[in-house]
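Read the structure below first, then the notes.
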There are 2 protein chains.
Amino acid sequence: MSKTGVRKGPRRADAQHNHEVILAAARAAVAVRGDDIVLEDIARSAGVGIGTLYRHFPTRQELLEATFLDEALELRQRAEELKTAPAALGALIDWLRLQMDFGAHGRSMGAAVMNAKHTEGTEIQIACVSMRDAGAVLLRRAQDAGEVRPDVEIASLLRLMHGIVMANEHAPDQSLVNPMFDVVIAGIRT
Amino acid sequence: MSKTGVRKGPRRADAQHNHEVILAAARAAVAVRGDDIVLEDIARSAGVGIGTLYRHFPTRQELLEATFLDEALELRQRAEELKTAPAALGALIDWLRLQMDFGAHGRSMGAAVMNAKHTEGTEIQIACVSMRDAGAVLLRRAQDAGEVRPDVEIASLLRLMHGIVMANEHAPDQSLVNPMFDVVIAGIRT
DNA sequence: CTTGCAACCGGAGGCAACCTCCGTATAGTA
DNA sequence: TACTATACGGAGGTTGCCTCCGGTTGCAAG
């Protein structure tokens with residue numbers, strides 16, 4: 001029931017160290033190649049064996065999620081900061097754009113993470129939920145200010161950002177990203 | 001310069017037959033499993049060797065595109081029909097929804113196809129362009145009727161449909177599809 | 001410092017899917 | 001019928017995912 005597969009408690013020093021090194025290597029790789037990273041490459045560039053990588057991150061999915069965790073936390077943080085921005089709608093728009101930028105930078109990393117049916121209580125699941133909740137506050141504020149239609153939901157909005165990133169991910173030109181974003185923004189305005 | 005890899009001209013009868021059988025098997029598989037079909041399964045279910053499959057469709061991509069070709073043609077056809085529908089905006093909306101339905105049914109088949117940088121003159125490329133052009137007429141008509149903002153482009157719209165499908169593809173629930181679509185429609189209205 | 005063992009390491013190897021190569025078979029023609 | 005361009009098909013090379021288990025080592029107790 002609580003076998004999460006990866007321990008977070010006190011570990012042997014070498015294990016702790018390897019965990020960090022692997023994660024760093026994974027982040028670097030994801031930043032370049034997106035979610036089609038090659039796990040053996042990461043192990044090699046981290047200077048550990050493939051077996052070690054798999055002990056720390058039993059699944060490709062878990063490794064990707066771990067690299068995404070920081071981003072989720074930062075997006076939550078940004079939302080907190082934007083809560084007090086003068087323009088309610090402007091704050092929401094800025095934050096939604098951040099969603100895309102993060103997603104675009106890490107390629108479809110979000111894809112692997114956001115669509116996964118995370119088991120309740122997972123670290124990544126908690127992070128995603130709290131990020132989304134923070135965004136919901138921004139949305140609500142813009143709605144209360146009468147700038148955004150009241151029937152729009154945060155989940156739809158996030159998934160739309162996600163969709164824009166995905167749809168443009170392998171496209172030769174990125175020139176449609178802004179027009180697509182603009183359509184969505186126009187669509188939530190009152 | 002004209003080596004397209006797959007001949008379409010006169011072929012031996014057995015080759016012609018195999019081509020059709022493979023394509024039929026591929027279509028059936030794609031309808032079920034989306035774009036993560038297993039080529040050897042398709043060869044087997046078509047009753048041919050894997051080598052034969054690869055001779056007819058040298059690349060996974062080409063096989064997927066071939067299965068998508070029909071849909072592209074049909075979507076073009078539908079656009080032609082809708083040109084004379086009484087409600088200009090309604091016609092556009094109906095057609096955009098068809099885009100999603102086709103994409104959703106064939107899973108992200110569209111993904112593999114629409115984002116690929118097709119070399120000029122490919123059969124699939126021609127089909128995509130003419131489908132898009134037919135949609136552009138619907139869009140223009142709605143714009144001329146003053147129902148859709150004049151600065152919206154058909155390419156953005158298609159890619160948004162594509163993004164909605166992709167973003168929901170592996171999601172456990174499909175309940176966000178309609179809200180997302182509605183936001184986009186609201187976003188193109190005047 | 002030494003010892004003992006639980007925790008950890010690492011890579012050989014199994015598996016699955018993609019794709020290629022080439023010896024064999026055959027449709028179509030003279 | 002005989003000949004050959006065309007086509008067939010599967011063995012096998014390659015890559016990437018993941019597992020298994022013999023060897024190694026941090027570290028705590030004596």
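Here is how names work: the chains are called A, B, and so on, in the same order as the sequence lines, proteins then strands, and each is numbered from 1.
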Report the distance from atom [atom1] of [X] to atom [atom2] of [N], rounded to the nearest whole Å.
X       : N      : atom1 : atom2 : result
A:Gln16 : C:dC8  : CD    : P     : 10 Å
A:Glu62 : D:dC17 : CD    : P     : 15 Å
A:His56 : D:dT19 : NE2   : C1'   : 16 Å

All N/O contacts under 3.5 Å from nucleotides 25-30 of chain C to the protein, with atom names and distances to one decimal?
unit_1: C:dT26; atom_1: O2; unit_2: B:Arg12; atom_2: NH1; d: 3.2
unit_1: C:dA27; atom_1: O4'; unit_2: B:Arg12; atom_2: NE; d: 3.4
unit_1: C:dG28; atom_1: OP1; unit_2: B:Ala13; atom_2: N; d: 3.2

Under 4.0 Å, counting only non-hydrogen atoms across every strand here, what does [X] touch: a base, just sugar-phosphate, or nothing?
X       : value
A:Ile37 : sugar-phosphate
B:Leu63 : nothing
B:Leu39 : sugar-phosphate

Heavy atoms of other groups near B:Glu153 CD, more than 12 under 6.0 Å: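 Result for CD/B:Glu153: open.
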
Minimum heavy-atom separation for A:Ala142 to A:Leu92, with atom names?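 Looks like CB-CD2, 4.3 Å.
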
Return whichever of B:Glu40 or A:Asn18 has its heavy-atom-nearest nucleotide of DNA chain C closer to the 5' end.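 Its nearest nucleotide being more 5', the pick is A:Asn18.
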
For the base of D:dG9, is there a side-chain donor-acceptor partner from B:Arg44 under 3.5 Å away?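 Between D:dG9 and B:Arg44, which were checked side chain against base, a qualifying N/O pair under 3.5 Å is absent.
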
Base of D:dG16 paired with side chain of A:Arg60 (donor-acceptor, under 3.5 Å):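 Checked by distance alone, the answer is no.
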
Contact under 4.0 Å: B:Thr52 side-chain N or O vs D:dA7 OP1/OP2: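 No, no such contact exists.
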
